[in-house]
Amino acid sequence: MKFIHAASAALLGAAVILSACATTPPPPSADMTRAKAAIEQAQRAGAREYSTEYLNASMAKMELAEAASAKGDNARASRLVDESYADAHLAQISAQSAKSAKAAADVDKSIVTLQDEASRTNTP
């Protein structure tokens with residue numbers, strides 16, 4: 001009798017563990033919204049001009065994530081959404097950095113021009 005109870009408890013435990021492994025994760029809808037917002041922010045930051053590669057990668061991964069989610073492959077969709085968000089964030093930071101570098105170069109160029117003008121007016 002003890003053997004039957006132990007065996008049924010083991011079977012029940014195994015069934016619970018297997019059913020937990022077999023459940024599919026929920027669709028990553030909130031994360032998708034967050035990643036799409038990051039893509040929009042990257043575009044507003046100038047990623048189309050300064051960080052096209054990362055922005056395109058982010059958008060492509062979002063499309064793949066939407067397709068995976070539509071097929072019910074929520075684990076893959078979630079992974080792709082996370083990658084899309086990371087790429088969008090990188091695109092935004094890269095664009096901001098490139099814009100800052102360009103602005104600094106413009107300031108440097110203006111300083112050189114002003115120095116040239118100042119040296120010309122001081123020369124007899």
S97 side chain to I93 main-chain N or O, any donor-acceptor pair under 3.5 Å? no
Going from CD on Q115 to OG on S110, what distance comes out if it is rounded to the nearest 0.5 angstrom? 11.0 Å
From M32 CE over to S78 OG, what is the distance, rounded to the nearest 0.5 angstrom? 8.5 Å
When Ile, Leu, Val, Met, Phe, Trp and Tyr are grouped by side-chain heavy atoms lying under 4.5 Å apart, directly or through other members, which residues fall in the same group as Y54? L90
Look up atom CD in E49 and atom CG in L55, then write down how far apart they are to the nearest 0.5 Å. 12.5 Å
Under a 3.5 Å distance rule, please check whether S84 uses its side chain to pair with a backbone N or O of L80 as donor and acceptor. no
Answer whether the closest heavy-atom distance between the side chains of N56 and R48 falls below 4.5 Å. yes
Any side-chain heavy atom of K36 sitting closer than 4.5 Å to one from V81? no
Kindly write out the residues that satisfy side chain to side chain contact (heavy atoms under 4.5 Å, CB included) with A57, not counting sequence neighbours, or none if the list is empty. D87
What closest approach, in Å, do L64 and R76 show between heavy atoms, and which atom pair accounts for it? O-NH1, 4.4 Å
Contacts of K102 that satisfy side chain to side chain contact (heavy atoms under 4.5 Å, CB included) - sequence neighbours left out: Y50, D106
At their closest point, which heavy atom of S51 faces which heavy atom of A95, and how far apart are they? CB-N, 4.1 Å
Distance-minimising heavy-atom pair for A91 and A42: CB-CB, 4.1 Å
